[in-house]
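These notes concern the structure reproduced below.
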Amino acid sequence: MLDIQALRTDLPVIAARLATRGFVLDTAHFQKLESHRKSTQTRTQELQAKRNSTSKLIGQAKAKGEDTSAIMAEVASLGDELKQAEVQLGEVQSALQQLLEVIPNTPHSTVPLGKSETDNLEVRKVGSIPAFDFAVKDHVNLGEKLGLDFDTAAKISGARFSLLKGSLARLHRALAQFMLDTHTERHGYTEVYVPYLVNAESMRGTGQLPKFEEDLFRVPRRGFEPTERISPDGVYQRGFMSEPLANPMEDWYLIPTAEVPVTNMVRDEIVLLEQLPLKFVAHTPCFRSEAGSYGRDTRGMIRQHQFDKVELVQIIHPEKSYEGLEELLGHAETILQKLGLPYRVVKLCSGDMGFSAAMTYDIEVWLPAQNAYREISSCSNFEAFQARRMQARFRNAQGKPELVHTLNGSGLAVGRTLVAVLENYQQADGSVVVPEVLRSYMGGLEVIKAS
RNA sequence: GGAGAGGUGGCAGAGUGGUCGAAUGUACCUGACUCGAAAUCAGGCGUAGGUGUAUGCCUACCGUGGGUUCGAAUCCCACCCUCUCCGCCA
């Protein structure tokens, strides 16, 4: 969320910055709401002040045993007008809030201007692209002999799920363990285990709600009848839904990234200055509906409804956040370097960044079968955008509460890393060499072969 | 699933419907005393918002949302959360 004070004082400037990311801010609408808010709030507070002072007089008069009927009649006439003013104020404030919640973050001044991913800026390329003296296979072809089974996953669940067996399942686990160990032992992160089902308030805090609900899996709790049942006359019914119950419980959402539960750890908290930066790493599954991505990456495990990710999160002092972003990016890069995977770092342009980010670096890993770099990590500085939504603050040197900055980045997406390992370490016979750093996690296994 | 207890300021903990934004203790900050510290004494110490050049003034907030009332931390309703006991359970 943007600072409403800044919008009040600097509206044209902020609108122009938002325009660089392709967002049109309706400034006239904002100004109209804002002036309505101002007059309504002033009027409401005047009436409240009058009610309060008069009511106090009644109390004092009664204490002395005086007659209060005249004064009570006076304040009674306030009632309707005050109630109406309060309702109006509530309406205009929630309208402002709703408007504010769907405005994206303003890009940092050093973010390259552009409309789409073609305008992103390549920052560096690291590692050398492997040369193969045979026809490279993609991870799907390679995996089918090694334990990567999409058919069974489709039977169990549906499209965009995968099932790993044997050495590949272990490789998947090894990657996650290796990443966690590296970040905790070398980069100073504290490992956390977090809930995978979160409430709407947490989703709002990091910016997934209210605008991107269609990307999420929503899990109803109490509130509906089951979706399957045997009807009274003995017929099996599927997809049955009753009318909603009178008092439904708040729904949960499956996390689309560990960013949500981990960053929300500091929601509604005031952390001590000396505790900053807080650095957390979590290995979690991520669940995404992939609504709107029909037909994209349908083959293989690049784009799944469920995938694992090791996520880095930092809660950091505002003056240190850009420094912190470079460090966090480096922490993610370390994983690729140690795995010996070639990659490049891209700075996203204003038009390609996510809703909440002020600056984002993507790390793209080389996939030989696609002959392309593909995103494997996204590292962002959200500045105070998420902190403002979460009311996540620290006590500054003057002892006053001030919003923290939040950073996060994948370190890395486990499924895509597995794809990259398979494709980059493949051999002519269809086997895959296990990267050196993973072997201790694989019981010393050096090559994954068809069983 | 059944029965009960409770949610108040950083923490602890009071609060007959009427100067309660809230006693008191503790922590913290400032000052006094001291060579210094401890102890003691005095003062200060919530968050958000509005308004004004300004000392300031005003509004909201006692789990959340409604309601009753001229007036609600206090009364009523619903919900959320925590804890205890019983049952079930990985």
Inset, instruction - Could you pick out which residue, A:I58 or A:D3, lies toward the 5' side of RNA chain B when each is mapped onto its nearest nucleotide? - result: A:D3
Inset, instruction - Identify, residue by residue, the members of residues 191-200 of chain A with a heavy atom below 4.0 Å from RNA chain B, and return them in order of residue number, or none. - result: none
Inset, instruction - In whole angstrom, give the distance that lies between atom CD1 of A:I270 and atom C1' of B:U47. - result: 7 Å
Inset, instruction - Using atom CD of A:E81 as one end and atom C1' of B:C70 as the other, report the distance to the nearest whole Å. - result: 16 Å
Legend entry - Distance-only donor-acceptor check, side chains A:Y361 and A:E326, under 3.5 Å: yes
Legend entry - Who pairs with B:G36 - Watson-Crick or G-U, where each distance is under 3.5 Å: none
Legend entry - A:R267-A:S202 side chain donor-acceptor pair, cut-off 3.5 Å: yes
Inset, instruction - Take the protein atom CZ of A:R395 and the nucleotide atom P of B:C45, then report the distance between them rounded to whole Å. - result: 14 Å
Legend entry - Ion pair check, A:R303 and A:E290, cut-off under 4.0 Å: yes
Legend entry - Interatomic distance at C1', B:C61 relative to B:A72, whole Å: 13 Å
Inset, instruction - For the pair A:F287 and A:H305, evaluate ring pair (Phe, Tyr, Trp, His ring centres under 6.0 Å) and give the outcome as yes or no after the intermediate values. - result: CA-CA 5 Å; A:F287 302 94; A:H305 288 309; 9.9 Å; no
Inset, instruction - Report the distance from atom NZ of A:K83 to atom C1' of B:G66, rounded to the nearest whole Å. - result: 10 Å
Legend entry - Worked verdict on A:H108 versus A:N381 for side chain to side chain donor-acceptor pair (under 3.5 Å): CA-CA 9 Å; A:H108 187 263; A:N381 185 353; over 6 Å; no
Inset, instruction - Specify the residues of residues 41-54 of chain A, ordered by number, for which at least one heavy atom lies under 4.0 angstrom from an atom of RNA chain B. - result: A:Q41, A:Q45, A:Q48, A:A49, A:R51, A:N52
Inset, instruction - Could you measure between the two P atoms, the one in B:C41 and the one in B:G52, and give it in whole Å? - result: 45 Å
Inset, instruction - Check whether any side-chain nitrogen or oxygen of A:Q5 sits under 4.0 Å from OP1 or OP2 of B:G50, and answer yes or no. - result: yes
Inset, instruction - Verify the distance criterion only: is there a donor paired with an acceptor across the side chains of A:S289 and A:D215 at less than 3.5 Å? - result: no
Legend entry - B:G15 versus B:G9 - spacing of their P atoms, nearest Å: 16 Å
Inset, instruction - Would you please indicate if the ring centroids of A:F394 and A:H317 are separated by under 6.0 Å? - result: yes
Legend entry - Check: A:F217 ring centroid to A:Y253 ring centroid under 6.0 Å: no
Inset, instruction - Tell me the partner of B:G4, counting only Watson-Crick (N1-N3 plus N6-O4 or O6-N4) or G-U wobble (N1-O2 and O6-N3) with both under 3.5 Å; none if nothing fits. - result: B:C83
Legend entry - Spacing between A:E274 atom CD and B:G10 atom C1', to the nearest angstrom: 13 Å
Inset, instruction - For B:G56, give its Watson-Crick or G-U wobble partner with both distances under 3.5 Å, or none. - result: B:U51
Inset, instruction - Provide the distance between the two C1' atoms, one in B:A23 and one in B:A14, to the nearest whole Å. - result: 6 Å
Legend entry - C1' spacing across the pair B:A27 / B:G44, given as an integer number of angstrom: 14 Å
Inset, instruction - Please state the P separation for the pair B:C29 and B:C45 - nearest whole angstrom. - result: 16 Å
Legend entry - Interface residues of residues 29-37 of chain A with RNA chain B (non-hydrogen, below 4.0 angstrom): A:R37
Legend entry - Spacing between A:L272 atom CG and B:A27 atom P, to the nearest angstrom: 17 Å
Legend entry - Pairing partner of B:C41 (Watson-Crick or G-U wobble, both distances under 3.5 Å): B:G31
Inset, instruction - Take the protein atom CZ of A:R8 and the nucleotide atom C1' of B:U51, then report the distance between them rounded to whole Å. - result: 12 Å
Legend entry - Pair partner, B:G10 [Watson-Crick or wobble, under 3.5 Å]: B:U26
Legend entry - Nearest-Å distance once atom C1' is located in both B:C11 and B:C28: 12 Å
Inset, instruction - Output yes when A:E101 and A:K211 qualify as a salt bridge under the 4.0 Å nitrogen-oxygen rule, no when they do not. - result: no
Inset, instruction - Figure out the CG/P separation between A:D268 and B:G46, and round it to whole Å. - result: 20 Å
Inset, instruction - Would you please say whether a donor-acceptor pair under 3.5 Å links the side chains of A:T257 and A:K309? - result: yes
Inset, instruction - For the pair A:F385 and A:H405, evaluate ring pair (Phe, Tyr, Trp, His ring centres under 6.0 Å) and give the outcome as yes or no after the intermediate values. - result: CA-CA 8 Å; A:F385 189 86; A:H405 279 193; over 10 Å; no
Inset, instruction - Could you please name the partner base of B:U64, counting Watson-Crick and G-U wobble pairs only when both distances are under 3.5 Å? - result: B:A78
Legend entry - Whole-angstrom distance between B:G56 and B:U74, as gauged at atom P: 31 Å
Inset, instruction - Answer yes or no: does a side-chain N or O of A:K38 lie under 4.0 Å from OP1 or OP2 of B:U51? - result: yes
Legend entry - Residues, nucleotides or ligands: over 12 heavy atoms within 6.0 Å of A:K320 NZ: no
Inset, instruction - For A:N52 and A:S55, test the side chains for any donor-to-acceptor distance below 3.5 angstrom and give the result as yes or no. - result: no
Inset, instruction - Looking at every strand, decide which applies to A:E86 at a 4.0 Å heavy-atom threshold: base, sugar-phosphate, or nothing. - result: nothing
Legend entry - Charged N-O contact under 4.0 Å between A:D149 and A:K165: yes
